Amino acid sequence: MDDKLREKLLKPYDPKETEERIYKLWEDSGFFNPDVCIEKGITEANAKPFTIIMPPPNANGRLHAGHALFVTLEDIMTRYHRMKGDRTLWVPGADHAGFETQIVYERKLEKEGRSRFEMTPEDLYKEIYDFTITNKKFMEDDIRRLGASCDWSREKFTLDPDIVKTVQNTFDKMFNDGLIYRGDRIVNWCAKHQTSLSEVETEFEERTEPFYYLQYGPFVISTSRPETKFGDKYVVMHPKDERYKEYKDGQKIDLEWINGPITATVIKDESIDMEFGTGVMTITPWHDQVDFEISERHNLEKEQIIDWKGKLLPIAGEFTGIHISKARTKIIEKLKEKGLLVKIDESYKHNVKVCFKCNTVIEPQIKDQWFIKMRPLADKALEAVESGKIKFYPENYKKIFQYWMTNTIDWNISRQIVWGIPIPAKICITCKKGYSDLKDELKKCTCGSELIKDTDTFDTWFSSGQWTLLALGYPDTKELDIYHPTDVMETGRDLIFKWIPRMVIFALYLRNEVAFRNVYLHGLVNDEKGEKMSKSKGNVVNPIELVDIFGTDALRMALVVGNTPGTDLSLSRDRVKGYKNFANKIWNATRFVLDNTKNFTVSETPKYDEEDNKSDEELKTLMEEITKEMDEYKFYIVSEKLYHYFWHTFADIIIERSKKKILASPVGSGPRENKNADSAKTLLYTQLNMLLKALHPFTPFVTEEIWSMMPATNKNLLMVEKWPAPSADKTC
RNA sequence: GCGCGGUUAGCUCAGUUGGUAGAGCAACUCAUUUACACUGAGAAGGUCGGGGGUUCAAGUCCCUCACCGCGCACCA
């Protein structure tokens, strides 16, 4: 160790001075790329591959604490496997995040007093593109600062031209296989964002609203939404309901309704709950999922009542053009005047479906959209999970996956937004038939009418669902044959619905194999009080800020120690601070070890005294234990054990004990130097060496920095040194 | 309504196939020129949510109740 290093070691560990330099060292070495590792003889050419595809962060802002957690966990796995000699690949990426990003951008426009509806689609696209590319760079810098050892040379963006092309090809293939159809179906319509949404993009909000009982001819019907009732001309009841047995299915009844006399038709349907309300209801097939299904069963007419902006159509008569949010009280007034209002129940509690971004009430609408037939695809996914080809950590998420896949409904992949991958399709202007048209060459529909280009874009999950394949170069199979199926998909537990099933489905469909063998789901990162971080609460923790104060290694430990998969974590500054102390503890212990092993060569066949021998065995046992736990994804326990061993055994016991032995026999004191000093020195050096390696995946910066000071010969970067214990199970 | 998870030390959480309760942080006592105050030593702290059952033995398995959290579904 030269004087410069010695001088550095005398001061406390300084992450600020260290991290950027070390990261550059790693990146310049090329070892993030498994090909380079093989080329340089670090990894065997026939080594078993280990692959993680990074969940591509949305390129619309900086990283949050959840990102820091996933980077940490995935980097731990990656570094561990690289050190074990696997052909280890971690592919980074960035997601254009369709609707999400467009909303972020629309908020920005709103602040500037602009609106997307006043812009050409081309201008809007260009602006969002520039915005995204800028943010993508920030995001990548943040990932580097967290120490991610991912292969940047393979980085992918979901709007890369080849990815766009592949995604469109998938649409074409599914269309030709009959798995995608164009259909008039009920969609979730957000009137603010002017787009349809999938089920996962809506939420329920509990509301207490008045519940109205209305006289409908001889019946009393109940509704929470009188403003949709203008076109109701079917009155439905259960076929076994004794109260209404005098009315026959298909019977016509003339009655007075909101805007005058109408003829209603009686429909008997078993879906009616006889216990609810009066057991009779009228239906609005255009604006309600259940009503839509009833009307499909009985082949009833459907009519649109509310337009795409949320205003009443001419069917509403004098109420035409009024926004539904304002129409209700007016309509109730009129019903009251006409004597049709029976009573109002003021405390009716029910759930209202709202847009997950703006909380606007979702207006179900019948819309011509592209849908994916989920049943056949979901069945294959279920089979893959049931046969154990995909394992979940924690295990109970398997059940959630199965539930979701069993109850899946057809997936609407059309979005009426600009920011996304265009759907390569044509629609007939007359009969509305849809065609996949990759080459933009179709002109006429089979009905003879003209075709126009579909202006919609894909739901972002349509492209990110193919991510394990796209990130590895699909449709080119060169890399896929090596690295796919990937080993682990590590992501937030909230993505068990949104993302995981779609990746499973697409990989099975396109490549007939699972997308990943293991799914590791982490919980949310909450604030120190355990409350969910949110901008409105002002309790959002910026991980990079914590890195600035305490260092990356400290943050990583704080995120991983004791954090079991699937469980939420409370992240406090004190927690991070504690691990900053740990990094410094490693640093100081190193100073002691290096000071006391100067000019000392560790024997290849070390001879320990009795207690040192016991300590040697103890650490070796620990190494075997943690290796097993690493293979079981128990990083929460491995990190804790290493922390505990380093601090309370290595530092508190072994170092303290060595003081007596070494001080009792000063260096260079010739014959007086007893073998207990050698034993102590050997143990100090050997254990530090081993602990640095074992700690490296968790605290990569401080361990790498210290490694550079270790006097070993033939030394490489610590990141590619051999992990200090073999796996019990070679297949892990 | 259906389902899932949780309830263990003041706080945050571990606890593997049942075998005398663990860690971190906080608090307490003492020490401290000696790698490290970003420190050390020590002590303290829990009828493992309630009740019942299986067992030689239950934090762990079964039943039941309560409370907290989450997800899904329906709601005319």
Side-chain angles (χ1 to χ4, degrees), chain A residues 9-13 199-200 203-204 206-207 209 211-214 216 219-226 228-229 232 235-237 269 271-273 275-284 288-291 294 348-353 394 396-400 402-404 406-407 493-494 496-497 523-524 526 528-530 532 550-551 554 557-558 561-564 566-572 574-596 625 628-629 632 634 636-637 639-641 643-644 647-648 651-653 655-656 658-659 663 684:
Chain A
L9 255 186
L10 277 173
K11 294 179 201 151
Y13 171 60
E199 294 309 311
V200 294
E203 281 169 3
F204 285 99
E206 193 176 87
R207 294 197 183 170
E209 292 185 316
F211 194 55
Y212 307 93
Y213 288 79
L214 309 176
Y216 189 81
F219 308 104
V220 174
I221 58 155
S222 44
T223 180
S224 59
R225 300 197 67 196
T228 66
K229 296 279 137 194
D232 288 14
V235 58
V236 193
M237 60 215 74
D269 192 279
S271 69
I272 300 299
D273 178 357
E275 310 290 316
F276 190 91
T278 55
V280 186
M281 68 174 195
T282 61
I283 58 169
T284 316
D288 185 282
Q289 179 69 37
V290 173
D291 294 2
I294 292 171
Y348 174 61
K349 213 183 256 186
H350 68 152
N351 291 325
V352 180
K353 211 184 230 186
N396 62 299
Y397 278 80
K398 177 178 169 180
K399 272 193 214 161
I400 298 174
Q402 286 170 320
Y403 179 85
W404 184 255
T406 308
N407 296 290
R493 63 175 166 80
D494 49 322
I496 184 72
F497 302 130
L524 302 174
N526 295 324
E528 56 199 314
K529 289 177 199 142
K532 194 173 170 173
F550 302 109
M557 284 297 278
V561 173
N563 186 9
T564 48
T567 308
D568 295 350
L569 175 81
S570 303
L571 183 67
S572 66
D574 276 350
R575 192 178 160 87
V576 187
K577 192 179 165 196
Y579 293 109
K580 179 190 159 80
N581 295 354
F582 178 58
N584 198 48
K585 188 79 181 176
I586 303 174
W587 188 256
N588 284 313
T590 301
R591 184 195 309 163
F592 180 87
V593 173
L594 293 185
D595 272 353
N596 286 284
E625 249 175 64
K628 182 164 172 282
E629 284 156 351
E632 292 166 348
K634 293 179 178 169
Y636 64 97
I637 193 86
S639 50
E640 189 182 314
K641 280 184 178 175
Y643 173 92
H644 202 251
W647 200 308
H648 299 296
D652 289 347
I653 297 174
I655 287 186
E656 289 306 317
S658 77
K659 285 179 186 169
L663 289 176
L684 285 177

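So you know, we letter chains A, B, ... as the sequences are listed, proteins then strands, and number each from 1. The structure displayed is predicted, hence computed values, not measured ones. Excluded from the calculations below are hydrogen atoms, water molecules and symmetry mates; all remaining heavy atoms, backbone and side chain alike, are included.
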message = Using atom C1' in both nucleotides, what's the gap between B:C38 and B:A43 to the nearest angstrom?
response = 24 Å
task = Could you tell me the separation between the CG atom of A:Asn351 and the C1' atom of B:G71, rounded to a whole number of Å?
result = 13 Å
query = How far does the P atom of B:C62 sit from the matching atom of B:U16, given to the nearest Å?
reply = 14 Å
message = Taking the side chain as everything from C-beta on, heavy atoms only, tell me whether A:Tyr397 gets closer than 4.5 Å to A:Ile400.
response = yes
inquiry  = Identify the stems formed by RNA chain B, where each pair is Watson-Crick or G-U wobble with both distances under 3.5 angstrom and a stem is at least 3 consecutive pairs.
reply    = B:1-7 with B:66-72, B:10-13 with B:22-25, B:28-31 with B:39-42, B:49-53 with B:61-65
message = Taking the minimum atom-to-atom distance to the side chain of A:Lys585, which one of B:U39, B:C13, B:C75 wins?
response = B:U39
ask   = With a non-hydrogen cut-off below 4.0 angstrom, is A:Ile637 in contact with a base, only sugar-phosphate, or nothing?
value = sugar-phosphate
task = State whether A:Glu656 and A:Lys659 are salt-bridged, where the test is any N-O pair (Lys NZ or Arg NE/NH1/NH2 against Asp/Glu carboxylate O) under 4.0 Å.
result = yes
ask   = A:Tyr403 OH to B:C72 C1': how many Å, rounded?
value = 5 Å
ask   = Looking across every strand, which nucleic acid part, if any, lies under 4.0 Å from A:Gly277 by heavy atom: base, sugar-phosphate, or nothing?
value = nothing
task = Could you tell me whether A:Lys353 and A:Glu199 make a salt bridge, using a distance below 4.0 angstrom between a side-chain N and a carboxylate O?
result = yes
request  = Write down the distance between NZ (A:Lys398) and P (B:G5), rounded to a whole number of angstrom.
outcome  = 14 Å
request  = Determine the contact category for A:Thr282: base if any of its heavy atoms lies under 4.0 Å from a base atom, sugar-phosphate if only primed atoms, P, OP1 or OP2 are that close, otherwise nothing.
outcome  = nothing
query = What nucleotide, of B:G24, B:C38, B:G5, holds the atom closest to the side chain of A:Asn581?
reply = B:C38
request  = For A:Lys577, look at atom NZ and say whether over 12 heavy atoms of other residues, nucleotides or ligands are found less than 6.0 Å away.
outcome  = no
request  = Grab the NZ-C1' distance between A:Lys628 and B:U17 for me, whole Å please.
outcome  = 11 Å
ask   = Under 4.0 angstrom, heavy atoms only, what part of the nucleic acid is A:Ser224 near: base, sugar-phosphate, or nothing?
value = sugar-phosphate
message = Taking the C1' atom in each of B:G51 and B:C11, what is the distance between them to the nearest angstrom?
response = 28 Å
query = Which whole-number value in Å describes the distance from A:Leu571 CG to B:C25 P?
reply = 16 Å
remark   = Ranking A:Tyr643 and A:Lys353 by the position along RNA chain B of their nearest nucleotide, the one closer to 5' is A:Tyr643
key: Rounded distance (Å) that lies between atom P of B:A23 and atom CH2 of A:Trp647   = 16 Å
ask   = A:His350 side chain N/O closer than 4.0 Å to the phosphate oxygens (OP1, OP2) of B:C74?
value = no
request  = Over 60° means perpendicular and under 30° means parallel, so classify the ring planes of A:Tyr348 and A:His350, tilted if in between.
outcome  = tilted
query = Between A:Arg575 and A:Asn584, which has a closest nucleotide on RNA chain B that is more 5'?
reply = A:Arg575
query = Looking at A:Thr223 and A:Leu214, what are the two nearest heavy atoms and their distance?
reply = CG2-CD1, 3.9 Å
ask   = Does A:Lys580 have any salt bridge (charged side-chain N to carboxylate O under 4.0 Å, His left out) partners at least two apart in sequence or in another chain, and if so, which?
value = none
ask   = Under 4.0 Å between a side-chain N/O of A:Thr567 and OP1 or OP2 of B:A14, yes or no?
value = yes
message = B:A35, OP1 or OP2 - any side-chain N/O from A:Tyr13 closer than 4.0 Å?
response = no
ask   = Taking the same atom, C1', in B:G6 and in B:A44, what whole-Å distance lies between them?
value = 28 Å
ask   = According to a strict under-4.0 Å criterion, is A:His648 in side-chain N/O contact with OP1 or OP2 of B:G40?
value = no
query = Is the A:Tyr579 ring parallel, tilted or perpendicular to the A:Phe582 ring (thresholds 30°, 60°)?
reply = perpendicular
inquiry  = Just to be sure I understand the rule, does A:Val290 reach a base, reach only the sugar-phosphate, or reach nothing, if contact means heavy atoms closer than 4.0 Å?
reply    = sugar-phosphate
inquiry  = Over all strands shown, is A:Ala583 touching base, sugar-phosphate only, or nothing at heavy-atom distances under 4.0 angstrom?
reply    = nothing
note = From CG of A:Asn563 across to P of B:U12 the rounded distance in Å is 15 Å
message = Base, sugar-phosphate or nothing for A:Phe582? Non-hydrogen atoms, less than 4.0 Å.
response = nothing
task = Quickly work out the A:Arg493 CZ to B:G69 P distance and round it to whole Å.
result = 14 Å
key: Out of B:G40, B:C36, B:C4, whichever nucleotide has its closest atom nearest the side chain of A:Asn396   = B:C4
request  = Could you tell me whether A:Glu656 contacts a base, only the sugar-phosphate backbone, or nothing, with contacts defined as non-hydrogen atoms closer than 4.0 Å?
outcome  = base
ask   = Within the structure shown, what part of the strands sits under 4.0 Å from A:Ile655 by heavy-atom distance: base, sugar-phosphate, or nothing?
value = base
